[in-house]
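Remarks on the structure that follows.
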2 protein chains.
Amino acid sequence: MATIKDIAKAAGVSVTTVSRALNGYSDVNAKTRERIEQTARDLKYSPNSLARSLVMNKSRTIGLLVSELSRSGAKDMFTYEVMCGINDAASDVGYDLILFSTNSAKQKQKSYTQLCRERQVEGVIMQGIKRDDPYIAEVIESNIPCVFVDVDVEGEYVGYVTTDNVFGAQMAVKHLLNLGHTKIGMINGHDYAHVSQKRRKGYERELTDAGIPIREEYMVNGQFLEPEAEIAAFALLQDHPEITALFCASDLMALGVMRAAKRLGLRIPEDLSIVGFDNILLSEYTTPPLTTVNQDKYQMGYEAAHLLTAMLTDGGSERQSATLDNQLVVRESTAPPR
Amino acid sequence: MATIKDIAKAAGVSVTTVSRALNGYSDVNAKTRERIEQTARDLKYSPNSLARSLVMNKSRTIGLLVSELSRSGAKDMFTYEVMCGINDAASDVGYDLILFSTNSAKQKQKSYTQLCRERQVEGVIMQGIKRDDPYIAEVIESNIPCVFVDVDVEGEYVGYVTTDNVFGAQMAVKHLLNLGHTKIGMINGHDYAHVSQKRRKGYERELTDAGIPIREEYMVNGQFLEPEAEIAAFALLQDHPEITALFCASDLMALGVMRAAKRLGLRIPEDLSIVGFDNILLSEYTTPPLTTVNQDKYQMGYEAAHLLTAMLTDGGSERQSATLDNQLVVRESTAPPR
DNA sequence: TTGTAAGCGTTATCAA
DNA sequence: TTGATAACGCTTACAA
């Protein structure tokens, strides 16, 4: 509870001198500094960052805005792993993280700018929000630096981190093509996700390059959810029994697809090959283990925080965005068609 | 960037009146209030919580201290799920979360009290720390309210949330006993975990109740880590081939044990029955699916935040701690011995 | 019902 | 090398 005032009194100097001594300014007599530091220790002083932030107008705090941070996200460790990366990168440079968890109900009450201003965060990292989220427009208008995870918006103070989703999808489809598949369906997420658009693009491009016509009816949405994907895949496979392989825009949805296949009596990979996306932890443990496209989630978070803190300190020089590589991980859910 | 000063000027009143109007005090003329609220909206005002916290000496912030928040924790969703619960409970009552991630290197630089005072958190939730962590003593001494997850310390301002680990372990062992096992080993975590002590107690008690002598050499530590557990279990099973069942203090370790069994050519559950603890997501997907003791991790977090905010507002009335029930989840990793 | 003024714990400007 | 003093944006006695 000791303040610099207390120290000043105890050490017989002014608060100014205490402040300067404790902050390592050079214009303080060595003896005085020593005495001040000692009394600070004696009084178990620790600075009040609130007061400091107020006067300096810098909070050394980053807001972490995760849309619907909830149990449902528990299954793919995506959010968590990204967070770990963010946390590590932020704490490396002395920033603390404040967690805003919003949902649409809360968003109605409080605008993005309000949220940030209130807590005086210096910058924001946004994760798990959809393309049509009203906050995105606010972010671009506002002058609070922000880095998005998996939404490709850029602006003066806005950047993003993502992986090469087009290429990732191409690798997945090429793998299927190489195995001899030609009737390849796709279970996508939803139209409001940046990654869905990109993965679809990769899927279509690879097919086109191979001279295979694109069939709209082979593409369905599973909302990035396991049960929804199961329903969608079930219907798709029932309507189009000629399909021998499915590319899923997420591992979680691939899980649902596996369930649908089981219900239809289809063996994996003999009757149906499945490729996922994300390489979530679970994908290694399914039966059979899932072939998928790996994304380095931790790195995404780390990079996001790094970009943001760079904007904050350098004043926004160099890169604002980053696209990370991803890799095909071949496991046992894919095989040549019968 | 508008402040109450700006509003005061624009609305032609004093800052006091603005403050009172915006905070819903009754002693403000309805007309004046309306005018003030309108100009606040016009100016896109949002309060500066830093300034407010400073003067009120209340930050409405909870510190979340997770020891070694890192990728290694990614495999069990424990940390994440608890966090979701904390987040939901905290935001229900208008508290924000600030993430402190410490590791021993940082702890040396900064004491617990310093950390909290600096950021002026009103209370703290601590997760993933060991019994011998130096912070624990600090917490008890300090007068900052704190709730621990899975460490049973109590004090004037200190409580904890845990599950009934003794009973959980008893259920696990009883299940094994009922199947006819008598040579039951235990892969524990380490001596610095509260839960390890409790689970061991449950294991020993149940065995004793069944008239089976406790054999020290049947108990080994796996540090709550998969590879360590694999090594420990491998050695144990090699030295004591008569063991037909293993109770593991965590699912993650059970995964390692399964690997060890495989390497030894033991089939699960025919040659070796395994029971885990936690019911992590993965346990459902292993081959075979793991019998385990479920803990409601989300609820633990929710309860922790609830206890803490109650302490903060009521001034520490009623309960300070909570012990949640857990349930045996029987899957396919257990069977009668041959 | 409204306003004046003090104060929260810092840092920054300026003068000594 | 040091110290008054103002300022950051807000709340709150106290007075009017």
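Residue numbers begin at 1 in each chain, while the letters A, B, ... track the order of the sequences.
- Across all strands, B:Asp27 comes closer than 4.0 Å to base atoms (heavy-atom distances).
- Side-chain contact between B:Leu22 and B:Tyr45 is present, with at least one heavy-atom pair separated by less than 4.5 Å.
- With a heavy-atom cut-off of 4.0 Å to chain B, the contacted part of DNA chain C has its first and last nucleotide at C:dT1 to C:dG9.
- Rounded to whole Å, the distance from NZ on A:Lys5 to C1' on D:dT5 is 13 Å.
- A:Ser321 places a side-chain N or O within donor-acceptor distance of the main-chain N or O of A:Tyr160, the cut-off being under 3.5 Å.
- Using modelled atom types, one side-chain atom of A:Ser53 and one backbone atom of A:Lys58 make a donor-acceptor pair closer than 3.5 Å.
- Under 4.0 angstrom from either OP1 or OP2 of D:dG9 there lies no side-chain N or O belonging to B:Thr3.
- A 4.5 Å side-chain heavy-atom check between B:Thr309 and B:Glu122 finds every atom pair outside the cut-off.
- Counting any heavy atom pair closer than 4.0 Å across all strands shown, B:Asn57 reaches no nucleic acid atom.
- Side chain of B:Glu118 to main chain of A:Asn48: no donor-acceptor pair is present (N/O by atom type, distance under 3.5 Å, no hydrogens or angles).
- Rounded to whole angstrom, the span from the CG atom of B:Leu22 across to the P atom of D:dG9 amounts to 16 Å.
- The aromatic rings of A:Tyr302 and A:His306 sit parallel, their planes meeting at an angle under 30°, below the 60° perpendicular limit.
- Side chains of B:Thr17 and B:Ser14: a donor-acceptor N/O pair is present below 3.5 angstrom, by distance only.
- Close to D:dT11, at under 4.0 Å from its OP1 or OP2, lies a side-chain N or O of B:Ser19.
- For the residue pair A:Gln114/A:Arg117, the side-chain donor-acceptor check at 3.5 Å is not satisfied.
- Straight-line distance from the CG atom of B:Asn23 to the P atom of D:dT12: 8 Å, rounded to whole Å.
- The NZ-P distance, from A:Lys58 to D:dA7, rounds to 22 Å in whole Å.
- A heavy atom closer than 4.0 Å to some atom of DNA chain C occurs in B:Leu54, B:Val55, these being the qualifying members of residues 46-56 of chain B.
- Judged by a 6.0 Å distance limit and a 45° cone about the ring axis, A:Arg20 is not positioned over the six-membered ring of A:Tyr25.
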